[in-house]
Amino acid sequence: MTPSTSYLDSLNDVQRQAVVTTDGPVLVVAGPGSGKTRVLTFRIAHLIEQGAAPWEVLALTFTNKAAREMKERIEKVVGPRASKVWAGTFHSLFARILRVEANHIGYPTNFTIYDTDDSKSLIGQLIKELHLNKDLYNVNTVRQRISSAKSNLVTPKLYALNEELMTQDRMAKMPATQKIYAAYTARCKKAGAMDFDDLLYRLYELLQSNEEVLKKYREKFRYVLVDEFQDTNHLQYAIVRKLVQYENSPRNICVVGDDAQSIYAFRGATIQNILDFEHDFQKFHIQVFKLEQNYRSTEQIVQAANEVITYNRRQIQKRIWSDKGSGQKIGLIKATTDAEEGKRVADTIMEQKNRDHLHNREIAILYRTNAQSRVFEEYMRRYNIPYRVYGGLSFYQRKEVKDLIGYLRVVVNPQDEEALRRVINFPKRGIGDTTVDKILQFSNDQGISVWEAVRQIPVTSGTRSKINAFVAIIEPARRQLDTANAFEIAAQVAKQSGLEDFYKKDNSIEGLGRVENFESLLSGIQAFVTEESVIDAGTLPDKSLASYLQNIALLTDFDQNDAEQADHVTLMSVHAAKGLEFKSVFVTGLEEKLFPSFMSMDTPEGLDEERRLFYVAITRAERHLTLSFANARYRYGKMSYNEPSRFLNEIPTQHLDHAATLSNNTINTGPVNTGPPAARVSGFFRTTANATVPGIDPKDFKPSPNDQIKPGMVVLHLKFGKGKVIHIDGGIAHIHFNAVDNPDKKIMLKFAKLQILE
DNA sequence: AGGGCGCGATTTTTT
DNA sequence: ATCGCGCCCT
């Protein structure tokens, strides 16, 4: 049978090579917008068309979204067979394997997945139990150390033997970190719980310790693909290697990545893996394909990106190119304040919507830190532009959601110590910290699970009846685990636990929001039992509570693509924008110490990562790219003044829209007397003109209450000087200033500081 | 057990 | 500014 290979026609030469080279190790270096996902999905489709069984293909991604996208696109080519492909995130696919094999490593197959909060809570508990000084032992720091140890295959034993780590801990005055790590590992195991790192580490352990299982999966996964390879950590690569690197292996491994888009080094990702991959598979005729044609952006944008990235030290040589024509130059907004930046971005969006007929959904505002979103939200509302902010607290991290999930977790796995601690006395039922501590201690002393401790611990009769009240919520639900579906149990627990009433009692605005979340969790569970498809089908093909919990443990907000169709402007951090594209992109807050972040700018590595982040940001744009910065912005409650970002200077001026720059330059002022002196010289962005109106000493300036400002008044503004209020309209004052080039300003009273003169 | 106050730090984030 | 914390007092 000659398989249909017409899908190959839509690929360029390099892409096609990367798709049809199905034997032996392949490294695909894929620049932004170069059709990476296309290559990956077509490659999988091609494998299947060439006779591979779908279930022999393992395709690993980082996000559920990427996995879903990939599956959908494979299905378009090969049909329903696509659902049998093992395509998913590292964590979800490994969890799926562990659900089957966990007993080989001393875990129950219904193990709980601890999220980051659970890990932190347990570490906090251990710091307490080990009588360590919590001023010296910071929970976050310890968790980081443990996480990074696991990601580097360092077990508690190896940790103790590692002089470097132990010395670091001693230097940081936390010499018992290894002890915490060891205790943490034991307690997770005792609770039948794996944290996110464990889903990887325990799989590695399994493959390492059990020849039979290793052989089984080596034979099963004849084709292995890894997306976003630059984001993998050592542990992930170790597992991949374990699966494909062995005697007589066909080594059908294909990794796809872009070193220039590595922006997660801060959480353990290492582009060293790309270099190691080349090295590790060199003698097996590794083939390297570079996808350099960019199908996303115009030349101005692509060339600017190329220039910027040359400032980085180490990189795989490549130069992306585009045949989409020169396109528009890159816009630049120089604002005096963050508020003005917000306004000018909103103005430009209005302009683009009118002139270029852009839809809201084709526009994105990107920033380095989530805190920057506020001003943009403000102006989007003011201009009536629909928008959506991504990031922040995810649905599943909300307290009211975690509370109910906590109960459900105890129902499914009563050994789950973290969930138990969370809910045993919430809503309050008179079981205090002292009692909870006693239970934990009893559990540890007697070597029994926390649940057995709850039931057996000898206590006063008053406490006993309170504990029994709690047991009476859990036990009946447990008895129904095999017969009732997830929703039936959840609805019952929501009532009996008192959680539902607790939240409904609160009539504050936030309280109503919590009720809403609580209910939408319940309806989500209902949807889970009624709907056919679930995100990662195959873990458990049933509607049980256990199955539900497994499904949501690895979900994030991003996966709730409810409003994805809606026509709104997107506001998100640059990190969150990775992998996305928009017709028009605004990269905002381009100031030293913000982007690049002050947290990263003292080391060359940190700065390089910030630059890659900038590279990612600008390559999100298809046609319109606008960069912006403010001379002054509110940060941490005070005004701060920073130089324009060095990254701006790294874009050749020929790509920048000077017309726009000049016409908007009228209010490009330096800081007003206060703030650090402008020390940095080079670079055409350096602000030279000081447009501050002479004769005003900020010390004498006393802003008047904004509600006293009325039309006809003469007011003083720190930057613009004296002006006359023409009229006020919806909180916006139209003021005519005398001393600036662009005299008519619309000023929002909410933000403005104006002093009434007459 | 729980509320309140004062202090300190402040990026990015998937699973 | 704001949030989270830890501690102390009721």
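Chain A is the first sequence line, chain B the second, and so forth, proteins listed ahead of strands; every chain is numbered from 1.
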For [X] and [N], give me the distance from atom [atom1] to atom [atom2], rounded to whole Å.
X	N	atom1	atom2	answer
A/L60	B/dT14	CG	C1'	14 Å
A/L235	B/dT14	CG	C1'	14 Å
A/F94	B/dT14	CZ	P	19 Å
A/D227	B/dT14	CG	P	15 Å
A/Y396	B/dT14	OH	C1'	15 Å
A/R143	B/dT13	CZ	C1'	10 Å
A/F62	B/dT15	CZ	C1'	10 Å

- Task: With heavy atoms under 4.0 Å as the rule, sort A/L366 into base, sugar-phosphate or nothing.
- Result: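 If one applies the 4.0 Å heavy-atom cut-off, A/L366 turns out to touch nothing in the nucleic acid.
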- When we call it a touch if two heavy atoms are under 4.0 Å apart, what does A/N425 touch: a base, just sugar-phosphate, or nothing?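 Sugar-phosphate, no base atom in range.
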- Query: Can you tell me if A/E610 and A/S600 form a side-chain donor-acceptor pair at under 3.5 Å?
  - Reply: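 Yes, side-chain donor-acceptor contact under 3.5 Å.
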Partner residues of [X] under the salt bridge (Lys or Arg N to Asp or Glu O under 4.0 Å) criterion, sequence neighbours left out:
X	answer
A/R202	A/E205
A/R241	A/D280
A/D403	A/K399, A/R422
A/E101	A/K216

Which residues share a ring-ring contact (aromatic ring centres under 6.0 Å, His included) with [X], sequence neighbours left out:
X	result
A/Y107	none
A/F94	A/F90
A/Y181	A/Y159

If you restrict it to nitrogen or oxygen atoms, what contacts under 3.5 Å exist between nucleotides 7-12 of chain B and the protein, and what is each distance?
| from | atom 1 | to | atom 2 | distance (Å) |
| --- | --- | --- | --- | --- |
| B/dT11 | O2 | A/R368 | NH1 | 3.4 |
| B/dT11 | O2 | A/R368 | NH2 | 2.5 |
| B/dT12 | OP1 | A/N370 | N | 2.7 |
| B/dT12 | O4' | A/R368 | NH1 | 2.9 |
| B/dT12 | O2 | A/R368 | NH2 | 3.1 |

- Query: Can you name the residues that form a side chain to side chain contact (heavy atoms under 4.5 Å, CB included) with A/T463, not counting sequence neighbours?
  - Reply: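 For A/T463 the side chain to side chain contact (heavy atoms under 4.5 Å, CB included) partners, ignoring immediate neighbours, are A/T435, A/V459, A/T460, A/I467.
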- Task: Please list, chain by chain and in numerical order, all residues satisfying side chain to side chain contact (heavy atoms under 4.5 Å, CB included) with A/V256, sequence neighbours excluded.
- Result: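 A/V256 satisfies side chain to side chain contact (heavy atoms under 4.5 Å, CB included) with A/V28, A/A30, A/K36, A/L40, A/C254 only.
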- Where along residues 193-203 of chain A does a heavy atom come under 4.0 Å from DNA chain B, residue by residue in number order?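 Correct list: A/F196.
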- Task: Give me the first and last nucleotide of DNA chain C, going 5' to 3', that has any atom under 4.0 Å from a heavy atom of chain A.
- Result: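 Terminal contacting nucleotides, 5' to 3': C/dA1 to C/dC7.
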- Do the side chain of A/T337 and the main chain of A/A632 share a donor and acceptor less than 3.5 angstrom apart?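 No: the side chain of A/T337 does not pair with the backbone of A/A632.
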- Message: Return whichever of A/H91 or A/G430 has its heavy-atom-nearest nucleotide of DNA chain B closer to the 5' end.
- Response: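 Residue closer to the 5' terminus by nearest nucleotide: A/G430.
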- Can you check whether A/N64 has a side-chain N or O nearer than 4.0 Å to OP1 or OP2 of B/dT15?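 Looking at the OP1 and OP2 atoms of B/dT15, one of them is under 4.0 Å from a side-chain N or O of A/N64.
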